[in-house]
Each structure stands twice: as C-alpha cells, then as structure tokens.
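Everything below concerns the one structure shown next.
The analysis underlying the following values was restricted to heavy atoms, covering all of them including side chains, and did not include hydrogens, waters or symmetry mates. Chain naming here is simple, since letters A, B, ... match the order of the sequence lines and numbering starts at 1 in each.
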Amino acid sequence: MSYNKPLPKIDPVNQGFWDNAKAGKLSVQNCKACGDKRYPASPVCPKCLSSDQEWVTVSGKGTLESWVDFHRAYWDGFKGDLPYRVCLVKLAEGPVMVSNLVGPSDNAKVGAAVAVVFDAVTEDVTLPKFKMV
Amino acid sequence: MQSLKNAAAVIGVGNTAYGNFPHIDEYGLAAEAFRNAVNDCGIDKNEIDGLVVCRIPYYARMGEVLGLDPRWTLTLPPHGRMSGIGIIEAATALAAGHCKYVALMYANIGRSRRVNYGGDESPGVWDPFGFTSPGAAHAMAFQRHMQLYGTTTRQLAEVSVAIRHHACLNPDAVMQKPISIDDHENARFITAPLRLLDYCLINDGAVCMILTTADRAKDFKKKPVMISGFGGQESFTRSSISNFDMDFWHPAVKSAGEQAYGMAGVGHADIDGLMCYDNFSPTVLFSLEGLGFCKQGESGSFVEGGTLKLGNKLPVNTDGGHLSNSYMQGWALNVEAVRQLRGECGARQIPDCEVVQYVQATPCTRSIIYTRG
Ligand SMILES: [Zn+2]
C-alpha cells in the first residue's frame, strides 16, 4: 500500500536536513559566521543575518518538553494510528523539534530523556522520530 | 503613548446573528453588522472616512458595498489575533488625524463553508508527523503546564463552565445549555489533554465597531466608551511551531498588560470584567498568569470554585466568549466590553461596570482597557 500521510516539502533551504535524515543522521542548521543553531532552517541567520549556513550532525539526544495525543485525523492517512502521539523535543544542542514519540511512553514526563530513531517512510523520505530512553 | 490615553472612543457597535448562513457571504454579513452599528450611534454613514477590514476578501469591494470612499484603510489577515491590532491602529490613526470616524469590519463564514483549521487547509513544516491545527498546539502547551505546575483538567474545566454559564445568560449566544465540570471531563478528546469543550465554536457572523476621537464622540446617541489604555508584544522568533509558546506567552502578555495598565492608570483591582481571547480554554489560564491576576503556574487554583463567573472575583467573557457565544476572533469580545460599560447587558450585566480589559494571548499579544466616557 502506498504511503498516504503528508510528506515534507523539500526545497533548497531544507534539502540538507532530509538528505541527512535519509542517511540516518539528525542535523540542524548551523551559522558558519556566529555558530547559531536552529531548526527549521532559515535563509539567513536570525542572529547575525549571515547567508553562510551549513547542516551539522547532532547527537540525536534531547529532552521531552511536551506532547499531545491526536484523537482526530486531519489527514486520512492517520486514521489507523489514532490516537497517535506528537512530541516536542529540545535537542541537546539547543533547537526544539516537533516529531512523533514512538514505542512505549507511558512514563512520559517533561524533562525525560529521548533519542532519535529513523523511520524510512518512503524510498526518498526518512522521518526522524523519538523514543524514550 | 500617554497622549493616546482616552484619545479615541467607541461610539457604535453592531453584529449579526451567529450561526450557519450558507446563503450569505462576508460582504452581506459585514454590511448587516455595519448597518446595526450605524443605527446604534446614529452617525451619517457617509461621514465615515476610515475603514478597517478583517477576514473580508477585498477591502475595496467592502467599500463599494457600503458606499464608502474612505481617506484611510487597513486590511488585516483572517487570523485570530487581528482584532486587538485593528482597534489599536484605528485609535492611533484617529489621534494622528488620518481620519475622523473609523468603521472596523469583521466577518466569518467558516461554519457554512466547513473550515477545519487543520490538515491541508493550513500546511506546516510538521505535517509529516501529523502535527496540525491550533487546538493541538494549545493542547501541547496545556500538557506542559500540567507537567510543570500540576494544573489539572478539572481546573481547566472551570474556564469552559464559567464561560458557558455566561452564554446561557446571553440570549444571542450560540450555546444555551449549561455544562458542569463532569460534562467537561466526559467530553471526547480531540487532541488530548484537550477535549471538545476546550475548543471554540466555528460559526458564521459579523461584527462592526465605529470609533472616533474623544471630542467628536460626545455627539452621538449613546455615551462613548473610551479606549483608555493599550499595549502589545509579538512573539515571532519561534513561530515555526505556530500557536505555541514554550513559556505560555507569559513575557508578552505581561508586557502588553503593563503597557495597558500604565497608560490607563488602572490596576488589577480596578478591572470589573475581563474579555479574554478564548480560542481554547488554556489560553484563558495563560492570560490570567501573564496579566498578573495570579502568579505563573497558579491559574489552576485561581479559577477553582467559579472565580470567573459573573458575581464572583473576576467575570470573564460575559457574552459566552469564543467557547460558547460566537467565534468572532476577538471582535465580539471587544463589543461586549463596550456593552458592559454602557450597561446594556441585561441578565449578564456586571454591576457598576467602569473598567473592562480585553486581552489576546497569541503570537500577536494585545491588551486594551476600556472605560466609561
Ligand atoms: Zn549567525
């Protein structure tokens, strides 16, 4: 069966992130001028306005900052997953990401340690998700 | 900013009925609200030389429908945070002499056109994870509040219960059946921890406000309501997670509130009623904390026991708010502030109402303080 959930809209600014994810690496955008790190990517550094940006691999470790359980599917592709859990993760390197919390998470609490796992949902796209550690 | 204290006043307000009107578009709804506001103050509509439109497709068509060629126009996007911006900008434009009389128009046809506020209608960077809709963002914020401060969903229920109580006192409100804390707890989850009764309505309707300068405001049917203070603060730097703030917009609401209190020269004890943007019930808790009605993290215990109900410590959203009156994205709450200060609210009237505050805790946070003219 074909994958019927939304896929990322890949563009020149975020291409590196999805290339890295496909290779099993979690990355954030890094400003070569001032070292500011962020996700999602920006065409210029919001701190110093430099255009000189790169993708750097991060540890994939972070802390759980919050979560929400969807009991409604806004896309048909999620109907079979209800309820599914979306998490907010603060990476050890600073940036904050939204993703899915997969695997057992009954002991979820703010500040809990999480780590990235990769879900190759199509031939081209791998989604970085998180699990409790 | 101090020179803008009481510089502008609301002289007329009007709205349509609220409901499901598939046969009428934004222009038709807005025109009806405009006619009601014109009749409310008795202005010659051709005197109106300023126009603010929000969630209306084309400002010039609106002018055509109303027969107006204003000197000054402002168009606002259809986001639930533009009412405070529009009213403050109109007051400022009046004080600057850009125009003499401003009509502010808002219309929403989201109910009859089945707007969902999520999924492909509002694409975002987190869609691949199924994270969509403003409600989910507020659920994530409230989950965090529960975790950090021990706030409970029964405490959250106090918000929906009090506001529904007010809707039941307002014959024009969409929802007319009282709810209890247990009803809230038994409602179905949409995005847990939020349930159906934590979500605002989606309905059609329109609102109009007519503003002028303080000196001109004395010439109309009813006593003017003064715009005595206002403040604002945006939170844009982490807006890729839309409708979410890691700190519950606390710094922004605090700042906007302090600006408004300082300009109006009033404090918390002077506020007779609070009109609080209630897109989702947690926003009310975050607003109470940001404004300083209670300390950060203590809104859960603050609202326990019906604090927000008419007759108790701080009546909030006496018209029934977005949760139970009408989803007019802040505009109807500002109209309610005016009606309370005029003493027009019947069974839901706040006794001796002299000062009413409006607040919207959103990525564009605004607060406005209205007083009797
Ligand atoms: Zn930089």
Side-chain angles (χ1 to χ4, degrees), chain A residues 3 5-11 13-14 17-18 21 36 38-42 46-47 64-90 95-102 108-112 119 121-122 125-130, chain B residues 114-151 153 187-196 198-199 202 235-248 280 282 286 297:
Chain A
Y3 187 75
K5 291 172 183 164
L7 289 166
K9 289 165 188 68
I10 297 176
D11 62 31
V13 174
N14 68 25
F17 178 85
W18 296 106
D36 181 63
R38 74 198 76 89
Y39 188 82
S42 174
K47 289 269 156 54
L64 185 62
E65 296 297 331
S66 195
W67 65 95
V68 50
D69 294 326
F70 277 74
H71 290 254
R72 174 179 171 182
Y74 289 85
W75 291 276
D76 287 347
F78 284 99
K79 274 185 181 164
D81 298 350
L82 296 178
Y84 64 91
R85 182 162 282 188
V86 170
C87 60
L88 184 72
V89 171
K90 186 173 170 61
V96 173
M97 274 184 185
V98 175
S99 182
N100 294 119
L101 198 56
V102 297
K109 63 177 205 279
V110 164
D119 186 358
V121 297
T122 70
V125 173
T126 295
L127 299 177
K129 298 184 177 178
F130 288 84
Chain B
R114 304 260 174 271
V115 174
N116 272 318
Y117 297 93
D120 287 333
E121 282 177 18
S122 50
V125 67
W126 312 110
D127 291 354
F129 307 100
F131 183 68
T132 185
S133 82
H138 287 80
M140 203 158 70
F142 185 65
Q143 178 73 261
R144 185 169 165 81
H145 203 276
M146 291 170 81
Q147 286 279 310
L148 295 181
Y149 305 118
T151 317
T153 57
R188 67 184 157 91
F189 282 125
I190 309 292
T191 50
L194 296 193
R195 302 170 181 275
L196 182 65
D198 295 307
Y199 275 62
I202 297 177
S235 310
F236 288 166
T237 53
R238 263 201 298 216
S239 54
S240 71
I241 307 173
S242 57
N243 295 293
F244 176 83
D245 185 84
M246 200 69 117
D247 202 22
F248 319 102
F280 304 94
F286 305 158

Between A:V68 and B:Q143, is the side chain to side chain contact (heavy atoms under 4.5 Å, CB included) condition met? List the steps. CA-CA 7 Å; A:V68 50; B:Q143 178 73 261; over 6 Å; no

Quick check: do B:L148 and A:E65 have side-chain heavy atoms less than 4.5 Å from each other? no

Can you check whether B:D127 reaches A:K5 side chain to side chain, under 4.5 Å on heavy atoms? no

Would you say A:F70 and B:F131 make side-chain contact, with heavy atoms under 4.5 Å? yes

Side chain, backbone, both or neither: which part of A:P46 has a heavy atom under 4.5 Å from chain B? neither

Correct closest heavy-atom pair for B:W126 and A:M97 would be CH2-CA, 4.0 Å

Do the non-hydrogen side-chain atoms of B:R188 and A:H71 ever get within less than 4.5 Å of each other? no

Non-hydrogen atoms of chain B under 4.5 Å away: do they reach the side chain of A:P95, the backbone, both or neither? neither

The residue among B:N116, B:T191, B:T132 that forms side chain to side chain donor-acceptor pair (under 3.5 Å) with A:R72 is B:N116

Rounded distance [0.5 Å steps], CE in B:M146 versus OG in A:S66: 10.0 Å

Count the heavy-atom pairs under 4.5 Å between each of A:Y39, A:F78, A:W67 and chain B, then report the option with the highest count. A:W67

Answer with side chain, backbone, both or neither: which region of B:I190 has an atom nearer than 4.5 Å to a non-hydrogen atom of chain A? both

More than 12 heavy atoms of other groups within 6.0 Å of A:K9 NZ: yes

Which portion of A:W75 sits near chain B, non-hydrogen atoms under 4.5 angstrom: side chain

A side-chain contact here means heavy atoms from C-beta on lying under 4.5 Å apart; do A:P8 and B:F129 qualify? no

Is there a side-chain contact between A:L7 and B:P128 in this structure, where contact means two heavy atoms from C-beta onward sitting under 4.5 Å apart? no

B:F189 side chain reached by A:P83 side chain, heavy atoms, under 4.5 Å: no

Atom group of A:Y84 that falls short of 4.5 Å from chain B, counting heavy atoms: side chain

Is there side-chain contact between A:L88 and B:F244, with heavy atoms separated by less than 4.5 Å? yes

So, for B:Q147 and A:A108, which heavy atoms are closest and what is the spacing to 0.1 Å? NE2-O, 4.4 Å

